[in-house]
Engineer: 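I'd like to ask some things about the structure below.
Along the sequence shown, residues carry numbers from 1.
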Amino acid sequence: MLLTAGAVHKLSRLVTKDPVTSPLRLPFTRFRGQAGPAELAEDVRGQGVRRAIGELVTCPFCTGLWISTGLTAGQVLAPEATRLLSSGLSALALSDLLHFARVGLQDVASR
């Protein structure tokens, strides 16, 4: 379960906030600026279906539900590939956490 949770967290942040996936969100969002380290702030645009998709692709909680569903189905249909994907994404999420911890410790040490 922790492996899946880490994978859902990382993939939902990647889909909804990462600069590398911003071209996929572009038809549904308007760039606002930086939201944090390696994350973008975007406003949803449009009406109807376009707006609904924009809400989905900018909300890590909303996207996380669908990613979790997909990974859970993957554990049944293709367990080895899903475990490999989940392991990689969880390792990346833990790596991000370690980066933030290091920066935080550097800030504390430099005071």
Engineer: Donor-acceptor pair, Ser68 side chain versus Leu65 backbone, under 3.5 Å?
Structural biologist: no

Engineer: OG1/Thr21 to CG/Leu11 distance, rounded to the nearest 0.5 angstrom?
Structural biologist: 9.5 Å

Engineer: What I want to find out is whether Arg30 reaches Asp43 closely enough, with some N-O distance under 4.0 Å, to be called a salt bridge.
Structural biologist: no

Engineer: Measuring from atom CD1 of Ile53 to atom CZ of Arg25, what distance do you get when rounded to the nearest 0.5 angstrom?
Structural biologist: 14.0 Å

Engineer: So Cys59 and Thr16, do their side chains get closer than 4.5 Å, heavy atoms only?
Structural biologist: no

Engineer: Between the main-chain N or O of Thr29 and the side-chain N or O of Arg45, is there a donor-acceptor pair closer than 3.5 Å?
Structural biologist: yes

Engineer: So, for Leu77 and Pro79, which heavy atoms are closest and what is the spacing to 0.1 Å?
Structural biologist: C-CD, 3.7 Å

Engineer: Treating Thr63 as the side-chain partner and Leu56 as the backbone partner, does any N or O pair qualify as donor plus acceptor under 3.5 Å?
Structural biologist: yes

Engineer: Any idea which heavy atoms bring Ala41 and Ala35 closest together, and the distance?
Structural biologist: N-CB, 3.7 Å

Engineer: Side-chain heavy atoms under 4.5 angstrom apart, residues restricted to Ile, Leu, Val, Met, Phe, Trp, Tyr: same cluster for Leu40 and Val57?
Structural biologist: no

Engineer: Check whether any side-chain heavy atom of Ser90 sits under 4.5 Å from a side-chain heavy atom of Lys10, and report yes or no.
Structural biologist: no

Engineer: Hey, what do you get for CZ (Arg83) to CG (Leu3), rounding to the nearest 0.5 Å?
Structural biologist: 8.5 Å

Engineer: Could you measure the distance from the CD atom of Gln75 to the CG atom of Leu85? Nearest 0.5 Å is fine.
Structural biologist: 10.5 Å

Engineer: Has Glu80 got more than 12 heavy atoms of other residues, nucleotides or ligands less than 6.0 Å from its CD?
Structural biologist: no

Engineer: What is the distance from atom CZ of Arg13 to atom CD1 of Ile67, rounded to the nearest 0.5 Å?
Structural biologist: 11.0 Å

Engineer: Are more than 12 heavy atoms from other residues, nucleotides or ligands located less than 6.0 Å from atom CG of Leu2?
Structural biologist: no

Engineer: Within the 4.5 Å heavy-atom criterion, are Glu42 and Ser22 side-chain neighbours or not?
Structural biologist: yes

Engineer: Do Ser12 and Trp66 have side chains that approach each other closer than 4.5 Å (heavy atoms only, starting at C-beta)?
Structural biologist: no

Engineer: Can you give me the closest heavy-atom contact between Leu71 and Ser86, atom names plus distance?
Structural biologist: CD2-OG, 4.0 Å

Engineer: If you measure from CZ on Arg102 to CG on Asp107, what distance do you get to the nearest 0.5 Å?
Structural biologist: 11.0 Å

Engineer: Nearest heavy-atom pair of Gly6 and Ala93: which atoms, and what distance?
Structural biologist: O-CB, 3.9 Å

Engineer: Is the shortest side-chain heavy-atom distance between Phe28 and Val44 below 4.5 Å?
Structural biologist: no

Engineer: For a quick test of reading the model, state the closest non-hydrogen atom pair linking Thr82 to Ala78 and the distance between them.
Structural biologist: OG1-O, 2.8 Å

